[in-house]
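Everything on this sheet refers to the single structure shown next.
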Amino acid sequence: MKATIDELLSQKEVLKEETIYFVEKDEVNLFPITAGNFFHMEPAEKWQGESRLENDFQEKMREREKEQTYRELFKLAEKIKAQIRDIKEEDPKGYGHMMQLRALRFVKHSIDKALQEMRLYYQSEVEREMRKAYGIKGRKLLVYKNTVCLGSFEDLVRQIPSLRKVRLEWIRRIPLLLKNIDSIRNAVTMNVPIGLVGGPCLFGLYEVEIVVRHKDGQRFSYDFSSGHHYDRAGQKTFEFADHVAQNTTKIESIHFINWKRGITAQEHDSLEVLFDVGTVLGAKVAVIIPDISYLKYLSTVIAPLDSAMKSRVLEEFRAEAHKITDLYLNRIDKLKTQYPDVEVRVLHERDTKACEIFHTGREAFFQNSGLIHRMTAKREKKDAVFDYISMLALPYYFWGTPQVIQIDNLDETDSYRKCRKVHKDAFSLSAILYPEKLCANGEQTIFNAPLEFKEYT
């Protein structure tokens, strides 16, 4: 589904004035987002630390709560809670102090009610101030997959002023999906080491074709990225993995046609944004080129074939994958000359040292973990999903950075959520995700576009 922020609000019958998007630029609110039907509205209060407007609101509320009457009532409530706690420690069931506990709880209830009424009054005052300052009548925001909230680069800059030095213009004109931004702000303020992670997929739709030949001469053509037939109308609907599983003894050969002839505009941006933000924040950058994951996926799919054929297929694909990886490595070398102050490390199959650090670093988090078995229902994709989740921790594996920021496209939202879940409190993982650009035909994203609309740079 393709929709703008304005269209999403209209679909949910929410006025823009009731949301944080009332203060955003029109170009941000009108940028088409291809993300499926996974957005819902939530009060911004639930997302404190992610939105500058909500941060302003909460700061004004904290200032109100410093008033003497409120502070004295709050202290009295805390004192009574402590008294109740002490009595319960001495007499867990409270039988010997029934009257005293009843009196204390009555007083506490009265104070809590007074505090709530004062907070509601303060809230109405602050909302009136914000309505006067910004024109907003509410503080709702859009949340994607219950994981990241929809915001903007300008909102980021208001919270982390140093980001104003970022040179890229495209990121200023689009919505961003954000999570754990207060952690970035604290890291910048406290000069905590920061690592960035992200990068492109190895290739998009239509860029690598799989050709399967049967012993009887039949020829079948599949897209590697989607697994589907190129000529869907004339062939059955099962995917490449199903084809191999169901026709193991019939297959004579599997070959690959590499149609990818350059780096797309989207892929270039996914690299350059890491260099730009890394330079501004003084962060180290881990770039993911996932050729190892594609090889693992292919290896799982062709496992039923005889060993000689498997070896030939993997070597042929490895040769094509390395050609594509070289396109990225060459582009990264050029970016290094443009951004000489940022330390960069690239994960790809031929950097055996980086791969060793990657596989060793994640072992403690994934070994015997029941989570892995629940992360995808497709057996052939398990190893690749395993990789995509753990690759987001690369700055932690490489350098031990306590603050990691994933800067990536919104398709990696699930990987972000799962990476946080698996690694728990080992490091703080934040997300700055962006919707993919549409290609020249205005319909598909560049990743999904036919070859004539890929926009190679």
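Side-chain polar atoms of E207 and S225 form no donor-acceptor pair below 3.5 angstrom. For the residue pair Y434 / D269, no side-chain donor-acceptor distance below 3.5 Å is found, with atom types taken as modelled. Side chains of N448 and T445: a donor on one and an acceptor on the other come within 3.5 Å. Defined by atom type and a distance below 3.5 Å, a donor-acceptor pair is present between the side-chain atoms of N180 and S428.
No side-chain donor-acceptor contact under 3.5 Å links E436 to the backbone of Q266. Side chain of K60 to backbone of Y122: no donor-acceptor contact under 3.5 angstrom is found. Checked by atom type and distance alone, the side chain of D223 pairs as donor or acceptor with a backbone atom of Y206 at under 3.5 Å. Checked by atom type and distance alone, the side chain of T457 never pairs as donor or acceptor with a backbone atom of A265 at under 3.5 Å. Remark: the backbone N or O of W399 is not paired with any side-chain donor or acceptor of R345 at under 3.5 angstrom. Under the 3.5 Å distance criterion, the side-chain polar atoms of Y21 are matched with a main-chain donor or acceptor of L142. With hydrogens and angles disregarded, a donor-acceptor distance shorter than 3.5 Å links the side chain of N55 to the backbone of G49. Formation of a donor-acceptor pair under 3.5 Å by the E272 side chain with backbone atoms of L335 is not found in this model. Judged purely by atom type and a 3.5 angstrom limit, K12 has no side-chain atom pairing as donor or acceptor with the backbone of E7.
Taking the six-membered ring where the residue is Trp, F366 and H423 present perpendicular rings, their angle passing 60° and hence far from 30°. Between Y397 and F358, the angle of the ring planes lies from 30° to 60°, which puts this pair in the tilted group. Between F275 and Y339, the ring-plane angle classifies as tilted under the 30° and 60° cut-offs. Between F317 and F203, the ring planes are perpendicular. Angles over 60° get that label, and only those under 30° would be called parallel.
For K137, the side-chain contact (heavy atoms from CB on, under 4.5 Å) partners two or more places apart in sequence, or in a different chain, are E17, R131. Scored by the salt bridge (charged side-chain N to carboxylate O under 4.0 Å, His left out) test, E349 finds R318 as partners (sequence neighbours excluded).
How far OG1 of T264 is from NZ of K260: 5.5 Å, rounded to the nearest 0.5 Å. Atoms CG and CD, on L53 and E24 in that order, are 8.0 Å from each other to the nearest 0.5 Å. Once rounded to the nearest 0.5 Å, the distance linking CD1 of I332 with CG of L327 reads 11.0 Å. Once rounded to the nearest 0.5 Å, the distance linking SG of C201 with CD1 of I324 reads 12.0 Å. To the nearest 0.5 Å, the span separating CD1 on I160 from OG1 on T189 amounts to 8.5 Å. Atom CG of L295 and atom CD of E315 lie 8.5 Å apart (nearest 0.5 Å).
The one candidate from E129, E127, E59 that meets the salt bridge (Lys or Arg N to Asp or Glu O under 4.0 Å) condition with R64 is E129.
The two residues I174 and P435 come nearest to each other via the heavy atoms CD1-CD, 4.3 Å. For V346 against I289, the heavy-atom pair with the smallest separation is CG1-CD1, 3.6 Å. Scanning all heavy atoms of the two residues, the minimum distance from Y396 to A426 falls at CE1-O, 3.7 Å. Between I5 and L150, the closest heavy-atom pair is CG1-CD2, 3.6 Å. Closest approach of L196 to A283, counting heavy atoms only: CG-CB, 3.8 Å.
Within a 6.0 Å sphere centred on CG of D216, other residues, nucleotides and ligands contribute more than 12 heavy atoms. Counting non-hydrogen atoms of neighbouring residues, nucleotides and ligands closer than 6.0 angstrom, the CD atom of E13 reaches no more than 12 such neighbours.
Side-chain contact check for I288 versus D387: every heavy-atom pair is 4.5 Å or farther apart. You'll find the side chain of L205 reaches within 4.5 Å of the side chain of F447, heavy atoms only. The closest side-chain heavy-atom distance from F57 to E45 is not below 4.5 Å.
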How far apart are the C-alpha atoms of R420 and K179, what are their side-chain angles, what is the distance that settles it, and do they pass the side-chain contact (heavy atoms from CB on, under 4.5 Å) test? CA-CA 11 Å; R420 283 193 74 181; K179 180 66 177 180; 3.3 Å; yes

Begin with the C-alpha distance, continue with both residues' side-chain angles, and end with the deciding distance and a verdict on side-chain contact (heavy atoms from CB on, under 4.5 Å) for E54 and I20. CA-CA 8 Å; E54 185 59 27; I20 66 172; 5.9 Å; no

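In this structure, K145 forms a cation-pi arrangement with F38, its terminal cationic atom sitting closer than 6.0 Å to the ring centre and no more than 45° off the ring axis.
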